[in-house]
Amino acid sequence: MKAGVGHRILTRLLMPAGVAETAFPLLAARALRAFGDGYVAVLLPAYLLALGFDQLDVGFLNTATLAGSALAMLGLGAIGYRWTTRWLLLFAALLMAITGFSFASVSSFWPLFVVAFVGTLNPGSADVSVFLPLEHARLAQAASGNARTTLFARYSLIGSLSAAVGALAAGIPSWLAPWSGLSLIDGLRAMFVLYGLLGGSVWLLYRTLPAIEIQTAPLQQPLGPSRSIVFKLAMLFSIDAFAGGLLGNSLLTLWLFARFGLSLGQAGTFFFCAGLLSAGSQLAAPVIARRIGLLNTMVFTHIPANVCLIFAAIAPNLEVALALLLVRSALSQMDVPTRTAYVMAVVTPAERTAAASFTAVSRSLASIASPTLTGALLASGLLSAPLIACGALKIAYDLALLISFRRLNVPPD
């Protein structure tokens with residue numbers, strides 16, 4: 001009885017009005033995955049440096065995670081329609097569990113490289129895993145119109161809040177070491193074991209999803225009437241993703257270590273505050289979108305965020321740099337729920353899974369080389385270059401997106 005009451009209360013907290021209850025397991029799973037991603041993004045560079053790897057190695061392993069995600073989503077787009085999204089989500093959750101346990105048990109570069117490539121680690125602030133298009137397609141079925149935009153905003157909000165708490169949890173190994181007898185490296189390994197356990201919990205949540213799909217037969221042509229729109233969006237999103245790959249959370253952590261000598265606990269606290277600001281912006285995104293439109297919300301909140309990033313690169317001290325990065329966090333994620341809702345709105349319902357997969361794949365492919373480039377720049381002493389390049393490219397993307405789609409009418413749902 002108490003469990004039932006607790007479930008209803010949790011459902012009310014997580015679920016916006018007008019949304020089917022089938023969205024609840026996806027929102028809860030997003031919370032668990034984002035918590036794991038939040039601390040892994042901060043701990044990953046510290047773990048790799050503790051194992052004796054250098055900054056370029058960190059960049060290579062970040063590249064491996066993105067390359068593996070891109071390959072998985074290519075496979076999803078090409079042959080994924082042969083299986084239900086529920087089955088694919090269950091498989092992805094199992095892979096998440098295996099990834100965490102494997103990372104905790106190996107310490108050589110090439111085994112870690114393989115695990116990073118085939119696993120589900122997410123070193124950036126944005127979710128680029130195979131979970132994303134599958135969950136988006138399921139969520140799109142659970143609501144329509146403004147309720148769908150609000151649902152995607154809530155999905156992003158839950159992810160941002162959970163990732164923020166996860167970032168704060170990145171300080172646990174340093175906190176435990178003095179009095180527990182565990183070495184720092186063992187504490188870091190324990191956190192990867194926890195990541196594996198989170199994967200098992202996500203698997204249990206996905207088990208509760210209904211087996212009913214949006215379609216009863218596989219699509220022979222996943223993209224049809226919206227093909228040209230999706231291709232153009234994918235091309236533009238790839239510019240944004242390449243820029244974002246230059247400065248995912250793991251690489252920004254590495255930059256803070258190299259530029260200002262932040263400790264692991266301090267970095268975790270910063271990303272916790274940044275995550276809270278990002279989460280707050282998710283609440284404002286659907287309200288702003290209703291007033292000025294999805295496209296304008298994406299562009300006009302993104303440009304000032306990237307101006308802040310460029311100025312942070314040349315900031316004279318830590319305090320100014322962190323202040324600029326926090327302002328960026330308060331603005332830069334408003335485009336996430338609106339971008340997703342925009343893609344879902346400009347394609348037909350039957351094309352949504354393919355459109356989500358295709359645009360996600362383009363983002364993953366474009367970001368593959370970026371972390372290695374950042375690692376090389378940091379290793380060579382060009383500490384400001386990744387931030388400046390990231391900000392400039394993202395501003396170029398914003399302007400190109402606005403020019404290309406300002407006359408496209410979003411059809412009513």
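Excluded from the calculations below are hydrogen atoms, water molecules and symmetry mates; all remaining heavy atoms, backbone and side chain alike, are included. Counting from 1, the numbers follow the sequence of the chain as shown. Worth saying up front: this structure is predicted, and the values here are computed from it rather than measured.
- When all heavy atoms of A289 and L294 are compared, the pair lying nearest together is CB-CD2, 3.9 Å.
- The number of heavy atoms from other shown groups lying within 6.0 Å of CZ (R207) does not exceed 12.
- The closest side-chain heavy-atom distance from I310 to L387 is not below 4.5 Å.
- Two residues are said to be in side-chain contact when any heavy atoms from C-beta on lie closer than 4.5 Å; M96 and F131 meet this criterion.
- Counting heavy atoms from C-beta on, the side chains of I229 and V347 never come closer than 4.5 Å.
- Under the side-chain contact (heavy atoms from CB on, under 4.5 Å) criterion, A23 pairs with M15, V19, L139, A142, L151, sequence neighbours left out.
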Exercise for the section: Could you please spell out the steps behind the side chain to side chain contact (heavy atoms under 4.5 Å, CB included) verdict for L378 and L383? Expected result: CA-CA 5 Å; L378 294 178; L383 299 184; 3.7 Å; yes
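- Here F109 and F53 bring their ring centres to under 6.0 angstrom of each other.
- Side-chain atoms of T338 and F152, non-hydrogen and from C-beta on, never get closer than 4.5 Å to each other.
- Although no hydrogens or angles enter the test, the distance criterion places a donor-acceptor pair under 3.5 Å between the side chain of S250 and the main chain of A41.
- Residues satisfying the side-chain contact (heavy atoms from CB on, under 4.5 Å) criterion with L161, sequence neighbours excluded, are L157, L276, A279.
- Under a 3.5 Å cut-off, the side chain of R328 and the backbone N or O of A305 do not form any donor-acceptor pair.
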Exercise for the section: Show your working on side chain to side chain contact (heavy atoms under 4.5 Å, CB included) between L26 and L89 and close with a plain yes or no. Expected result: CA-CA 10 Å; L26 299 169; L89 284 168; 4.1 Å; yes
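- To the nearest 0.5 Å, atom CG of residue L402 and atom CZ of residue F405 are 11.0 Å apart.
- Scored by the side-chain hydrogen bond (donor to acceptor under 3.5 Å, both in side chains) test, T208 finds no partners at all (sequence neighbours excluded).
- Taking the side chain as every heavy atom from C-beta outward, I314 and F311 approach each other to under 4.5 Å.
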Run the side-chain donor-acceptor check on residues 262-269: report pairs under 3.5 Å with partners two or more places apart or on a different chain.
from, atom 1, to, atom 2, distance (Å)
S263, OG, Q266, N, 3.1
S263, OG, Q266, OE1, 3.3
Q266, OE1, S263, N, 3.0
T269, OG1, G265, O, 3.0

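- F101 and F192 have their aromatic ring centers separated by at least 6.0 angstrom.
- In this structure D398 satisfies the side-chain hydrogen bond (donor to acceptor under 3.5 Å, both in side chains) test together with H302, sequence neighbours excluded.
- Judged by distance alone, with hydrogens and angles left aside, the side-chain atoms of S162 form no donor-acceptor pair with the main-chain N or O of G159 at under 3.5 Å.
- Side-chain contact between L66 and P371 is present, with heavy atoms from C-beta onward closer than 4.5 Å.
- A distance of 10.0 Å separates CG of L256 from CG of N249, quoted to the nearest 0.5 Å.
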Practice task
Go through V118 and I98 one step at a time and tell me if the side chain to side chain contact (heavy atoms under 4.5 Å, CB included) criterion holds.
Solution key: CA-CA 10 Å; V118 302; I98 294 171; over 6 Å; no
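- Rounded to the nearest 0.5 angstrom, D57 CG and L112 CG are separated by 10.5 Å.
- With values rounded to the nearest 0.5 angstrom, I185 atom CD1 is found 8.0 Å from S107 atom OG.
- Contact check for R138 versus T22: no side-chain heavy atoms found under the 4.5 Å cut-off.
- A167 is linked by a side-chain contact (heavy atoms from CB on, under 4.5 Å) to V42, F271, counting only residues two or more places apart in sequence or in another chain.
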Exercise for the section: Could you check M191 against Y47 for side chain to side chain contact (heavy atoms under 4.5 Å, CB included), going step by step and ending with a plain yes or no? Expected result: CA-CA 10 Å; M191 296 299 284; Y47 181 57; over 6 Å; no
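- Looking at R406, its side chain does come within 3.5 Å of a backbone N or O of I403 through a donor-acceptor pair.
- For residues 232-256, the pairs satisfying ring pair (Phe, Tyr, Trp, His ring centres under 6.0 Å) are W255-F260, with sequence neighbours left out.
- The 12-atom threshold is exceeded at CZ of F257, counting heavy atoms of other residues, nucleotides or ligands nearer than 6.0 Å.
- Checked against side-chain hydrogen bond (donor to acceptor under 3.5 Å, both in side chains), Y39 has no partners two or more places apart in sequence or in another chain.
- Residues L48 and L61 have side chains in contact (heavy-atom distance under 4.5 Å, counting atoms from C-beta outward).
- Sequence neighbours left out, the pairs with a member in residues 108-121 that pass side chain to side chain donor-acceptor pair (under 3.5 Å) are T120-Y195.
- The line from CG of L49 to CG of L188 is 10.5 Å long, rounded to the nearest 0.5 Å.
- Closest heavy-atom contact between A366 and S238: CB-O, 3.1 Å.
- Listed by chain and number, the residues in a side-chain contact (heavy atoms from CB on, under 4.5 Å) with W175 are W179 (sequence neighbours excluded).
- Residue pairs meeting the side chain to side chain donor-acceptor pair (under 3.5 Å) criterion with at least one partner in residues 372-394, sequence neighbours excluded, are T63-T372, D240-K394.
- Minimum interatomic distance between G245 and S370 (heavy atoms only, all atoms of both residues): C-CB, 3.2 Å.
- Between the side chain of S102 and the backbone N or O of T99 there is no donor-acceptor pair closer than 3.5 Å.
- Shortest non-hydrogen contact noted between L251 and L246 is CD1-O, 3.8 Å.
- The distance from atom CG of D335 to atom CG of L295, rounded to the nearest 0.5 Å, is 11.0 Å.
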Which atom pairs, donor and acceptor, lie under 3.5 Å between side-chain atoms of residues 196-205 and protein residues at least two apart or in another chain?
from, atom 1, to, atom 2, distance (Å)
S201, OG, L197, O, 3.3

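- No donor-acceptor distance shorter than 3.5 angstrom exists from the side chain of N306 to the backbone of L309, with no hydrogens or angles considered.
- Nearest heavy atoms, P173 versus A170: CD-O, 3.3 Å.
- Considering every non-hydrogen atom in both F113 and A64, the closest pair reads CE1-CB, 3.6 Å.
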